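Presented below is the structure to which this report refers.
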Amino acid sequence: MVESNPDLVTASWSRIDAWLAAHAPASLARLGPPADPAAVAAAERVLGVELPAELAASLACHDGIEPDCRVFPEMDLLSVAGVVDQWELRNQVEAELFDDEEDLPPLEGDPYWHRLWIPVGHFQGDLNVIDLRPGPGQGRMGWVSHDGSSSFAGEELATLGTYLAALADTLTTGRQPIPGLWEEPCVSPDGELSWWGVPRGGVGWSPAPVGLPGVGQADGARAGDGPAAPDRADVDP
């Protein structure tokens with residue numbers, strides 16, 4: 001079983017929210033409020049299992065985000081209702097595609113879909129999921145394509161907590177600890193965060209500032225610039 005760390009989720013959301021409040025308030029306004037505990041309990045009855053602890057902690061901070069809100073690179077965080085909707089949709093599609101055992105895909109590797117894959121995020125028909133199947137991989141986060149391929153290979157970001165922590169680090173330090181991430185964060189004049197680089201025709205968009213006011217890197221630093229140079233007074237002669 002992969003170690004779960006709900007406290008890391010809560011702490012990372014606190015850092016992300018603080019950065020958005022300082023540099024992209026329009027995006028912060030598009031994050032959902034904390035999820036209603038009654039809605040979480042109702043979702044768990046439908047799913048037949050308790051939500052993964054890290055997902056429950058994330059939903060307690062924000063019940064998903066509005067569509068096309070690019071706070072996350074290549075993922076739209078699902079609300080409680082979205083988790084259930086995507087889970088039910090995948091179950092329905094699997095039932096329609098494989099209506100008898102002869103139609104089932106080969107057993108090598110991961111299946112087309114599993115009822116113990118709990119959706120976390122959605123992007124262009126693909127899902128980020130948390131794997132609740134018993135075994136050493138229980139609790140890991142992975143990716144499931146709309147065509148049925150899947151991957152749980154990313155040890156560096158094995159859980160939702162480590163993913164959120166890496167995102168918070170990217171925004172607040174300028175480093176890019178998310179493996180394989182090539183998008184550079186940028187902000188619009190209206191205070192929107194995007195991970196698609198400066199949008200085509202997006203007049204006024206600029207590289208995202210790094211850090212928080214009075215904390216971390218020097219004023220004017222930009223994501224990807226690396227650590228700010230030390231103040232001359234702090235350098236030994």
Side-chain angles (χ1 to χ4, degrees), residues 8-36 39-40 54-83 85-86 119-128 157 160-178 181-226 228:
L8 178 63
V9 171
T10 303
S12 298
W13 265 122
S14 179
R15 296 168 63 201
I16 294 167
D17 287 351
W19 187 93
L20 292 172
H23 303 301
S27 288
L28 179 62
R30 299 183 66 187
L31 300 180
D36 182 351
V40 172
E54 290 191 338
L55 177 56
S58 179
L59 290 167
C61 296
H62 293 290
D63 189 16
I65 62 177
E66 293 182 7
D68 299 321
C69 177
R70 298 301 181 204
V71 169
F72 291 85
E74 299 186 353
M75 180 170 77
D76 291 334
L77 193 71
L78 291 168
S79 64
V80 174
V83 169
D85 288 346
Q86 290 295 327
V120 174
H122 178 269
F123 184 73
Q124 295 183 351
D126 302 332
L127 293 178
N128 295 86
L157 298 176
L160 179 59
T162 53
Y163 178 87
L164 289 171
L167 177 62
D169 286 345
T170 297
L171 294 173
T172 59
T173 70
R175 296 187 295 273
Q176 293 190 336
I178 302 178
L181 178 65
W182 61 268
E183 296 97 337
E184 291 282 348
C186 62
V187 292
S188 73
D190 297 329
E192 287 269 6
L193 170 65
S194 174
W195 288 88
W196 292 99
V198 177
R200 187 172 299 172
V203 177
W205 285 75
S206 60
V210 167
L212 300 171
V215 180
Q217 293 185 305
D219 291 341
R222 293 290 184 266
D225 287 345

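The structure displayed is predicted, hence computed values, not measured ones.
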Legend entry - H122 NE2 to I65 CD1 distance, which is reported to the nearest 0.5 Å: 12.0 Å
Inset, instruction - Identify the two heavy atoms, one from L167 and one from P73, that lie closest to each other, and give their separation to 0.1 Å. - result: CD1-CD, 4.1 Å
Legend entry - Donor-acceptor pair, side chain of S58 and main chain of E54, under 3.5 angstrom: no
Legend entry - Partners passing ring pair (Phe, Tyr, Trp, His ring centres under 6.0 Å) against H62 (at least two apart in sequence or in another chain): W13
Legend entry - Pairing residues for A35 by the side-chain contact (heavy atoms from CB on, under 4.5 Å) criterion, not counting sequence neighbours: V40, L59, D63, V80
Legend entry - Partners passing side chain to side chain donor-acceptor pair (under 3.5 Å) against D76 (at least two apart in sequence or in another chain): R70
Legend entry - Closest heavy-atom pair and its distance - T172, V210: O-CG1, 3.5 Å
Legend entry - Nearest-0.5 Å distance, SG of residue C69 to CG of residue L77: 10.0 Å
Inset, instruction - Enumerate the residue pairs fulfilling salt bridge (charged side-chain N to carboxylate O under 4.0 Å, His left out) with a member in residues 10-21, sequence neighbours excluded, ordered by first and then second residue. - result: R15-D169
Inset, instruction - Just grab all the salt bridge (charged side-chain N to carboxylate O under 4.0 Å, His left out) pairs involving residues 18-31, residues at least two apart or on different chains. - result: R30-E66, R30-E192
Inset, instruction - Determine the minimum heavy-atom distance between H23 and L212, stating which atoms define it. - result: NE2-CA, 4.4 Å
Legend entry - Interatomic distance, D68 atom CG to S194 atom OG [nearest 0.5 angstrom]: 10.5 Å
Legend entry - Heavy-atom closest pair, residues A168 and S12: CB-O, 4.0 Å
Legend entry - Minimum-distance pair of heavy atoms, taken over all atoms of L78 and P119: CD1-CB, 3.7 Å
Legend entry - Contact summary for L171 and W195, nearest pair of heavy atoms: CD2-CZ2, 3.9 Å
Inset, instruction - Only counting residues at least two apart or in another chain, list the ones meeting side-chain contact (heavy atoms from CB on, under 4.5 Å) with A24. - result: W19, L20, S27, V187, L193
